[in-house]
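A quick write-up on the structure given underneath.
Below, read A as the first sequence line, B as the second, and so on, with proteins coming before strands; counting in each chain starts at 1. What you see below is based on every heavy atom in this structure, not just the backbone, and it leaves out hydrogens, waters and symmetry mates. Fair warning: this is a prediction, and the values are worked out from it, not measured in the lab.
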Number of protein chains: 2
Amino acid sequence: MAKQKQATRDRILDAAEKLFAQKGFEGVSVRQIMSAADADVSLAYYHFKSKRDLFDQVMLRRVEYLNEIRLQALTEVEERHSDDAPTVEEIIGAFTQPLMQLLADDHDKWSHYYQLIAQINNSPDQGGVLMSRYFDPLVSRFIEALRKALPDCDDEDLYWSYHFLSGALTLTFAETGRIDNLSGGVCSSKDIASINERMHVFLAAGFEKLCEKS
Amino acid sequence: MAKQKQATRDRILDAAEKLFAQKGFEGVSVRQIMSAADADVSLAYYHFKSKRDLFDQVMLRRVEYLNEIRLQALTEVEERHSDDAPTVEEIIGAFTQPLMQLLADDHDKWSHYYQLIAQINNSPDQGGVLMSRYFDPLVSRFIEALRKALPDCDDEDLYWSYHFLSGALTLTFAETGRIDNLSGGVCSSKDIASINERMHVFLAAGFEKLCEKS
DNA sequence: CACAGAATTCAACGATCGTTGAATACTAGT
DNA sequence: ACTAGTATTCAACGATCGTTGAATTCTGTG
């Protein structure tokens with residue numbers, strides 16, 4: 001029955017996701033979005049309450065699934081260790097691996113969403129509030145797991161370590177092309193396999209070093 | 001002679017820097033900027049060619065000095081080691097310390113600028129190009145130094161390590177308030193001393209671990 | 001086929017956007 | 001005090017912004 005409705009709504013969300021990711025919330029007009037979605041301007045206000053609401057729905061469309069699979073990855077790691085605690089590297093792997101898996105499976109579907117998150121995370125205006133709203137429950141679970149893996153680590157070191165991780169993670173998934181320029185072609189922003197080999201190693205070492213110090 | 005001119009021009013740049021940092025290039029109108037600068041709208045187009053040019057001048061105003069003092073910090077570290085190579089931690093300290101020093105000396109002057117850089121760095125649209133334009137000469141010098149400190153490290157590991165560093169650095173200086181929320185007040189985005197104790201330790205450990213592997 | 005409700009189109013609103021040209025005020029050197 | 005050039009003000013341009021209400025088409029049910 002309401003098939004076409006969902007189809008159009010999704011086309012709008014797809015176009016909005018892509019354009020918001022590229023140009024930011026204010027950098028794109030509703031007209032541009034609807035033009036990219038090949039639909040009339042006023043349809044945006046039939047399916048969504050406002051431009052801001054459209055943005056929110058773009059965010060909410062994928063965040064639940066994202067949190068779900070990452071939480072599942074963490075519990076799987078924990079269940080594999082019935083008696084002892086998982087290693088830092090395993091926990092960080094559970095945090096980052098699912099994101100890379102989605103990107104490898106369907107790059108076009110997820111890349112724009114990750115770019116959007118990177119922009120929000122680094123937005124001084126509302127970034128802190130929005131990121132906390134979407135991700136803090138999940139992140140708190142991961143930090144809890146990391147606390148067990150690093151029992152001598154005090155909370156301040158733990159939170160700052162996670163913050164560094166967050167910055168590295170979101171920039172890497174933003175695929176800005178910076179590393180392509182800087183490295184003169186040696187590295188590519190979109191080379192997921194290369195990232196997959198390195199990120200968790202780099203970050204786990206930071207956690208362990210900073211926490212052994214405390 | 002042209003004293004008042006410089007004063008007004010600087011007031012415009014200050015207001016633009018602050019508002020661009022908070023809301024992004026498209027999120028702020030020339031009228032809002034000029035209102036914050038307490039000057040007539042058309043003065044923006046007397047002192048600058050366009051809104052885009054104003055943005056460029058905001059960036060260029062501080063970037064040279066920034067690159068200068070960071071390069072100086074690196075050469076000082078290198079000169080301290082006449083025969084052997086500086087450690088990774090020293091090199092990264094030279095890269096990050098000057099930024100923190102400026103922030104500690106005059107927070108209001110530099111915080112908005114750092115926020116702007118964080119947004120640009122994470123912008124999928126033009127971020128890679130702009131960051132490379134402003135910072136690649138300096139960054140290449142640092143990577144060169146790091147290559148000497150880590151002679152067994154291959155370039156791919158080196159560039160990716162720097163990329164992780166870049167993300168952690170820019171997010172941390174964006175002062176989004178995220179870590180305040182996440183930690184429930186245990187950590188503060190603006191606690192420069194806490195960052196200063198931890199960032200170079202965390203990042204140096206990542207470099208060393210990733211590069212010893214290769 | 002008739003009818004209801006969902007989906008889409010069309011035209012337009014007031015507000016604000018970036019930008020400009022002409023007129024005015026200020027400031028320095030002679 | 002006269003003047004040249006710098007700095008600032010004022011008013012306005014066409015374009016585009018987010019948003020809306022009413023009219024129209026589509027779609028599945030009786």
State, without any angle test, whether B:Asn121 and B:Ser166 hold a side-chain donor-acceptor pair at a distance under 3.5 Å. yes
Separation of atom OH in A:Tyr46 from atom C1' in D:dT19, rounded to whole Å: 17 Å
Nearest-Å distance for atom pair CZ/C1', residues A:Arg9 and C:dA6: 14 Å
In whole angstroms, the gap separating C1' of C:dA23 from CG of B:Asp40 amounts to 13 Å
Among B:Lys49, B:Lys51, B:Gln57, exactly one meets side chain to side chain donor-acceptor pair (under 3.5 Å) together with B:Asp53. Which residue is that? B:Gln57
Positions of residues 24-37 of chain B (non-hydrogen atom under 4.0 Å from DNA chain C), listed by number: B:Val28, B:Ser29, B:Val30, B:Arg31
Figure out the CZ/C1' separation between A:Arg52 and D:dC17, and round it to whole Å. 15 Å
Euclidean distance, atom OH of residue A:Tyr45 to atom P of D:dA22 [Å, nearest integer]: 18 Å
Would you mind checking if B:Arg178 and A:Asp136 are paired as a salt bridge, meaning a charged N to carboxylate O distance below 4.0 Å? yes
Answer yes when B:Glu78 and B:Lys148 have at least one side-chain N-carboxylate O distance shorter than 4.0 Å, and no when they do not. no
If only side-chain N and O atoms of B:His47 are considered, is one of them under 4.0 Å from the OP1 or OP2 phosphate oxygen of D:dT8? yes
Quickly work out the B:Phe48 CZ to D:dA7 P distance and round it to whole Å. 12 Å
Atom pair distance, as rounded to whole Å: CG in A:Leu43 and C1' in D:dC26: 13 Å
A:Ser123 and B:Gln119: side chain donor to acceptor below 3.5 Å: no
Could you tell me which non-hydrogen atom of B:Ser189 sits nearest to which non-hydrogen atom of B:Gly177, and how far apart they are? OG-N, 3.1 Å
Distance below 4.0 Å between B:Ser42 side-chain N/O and C:dT19 OP1 or OP2: no
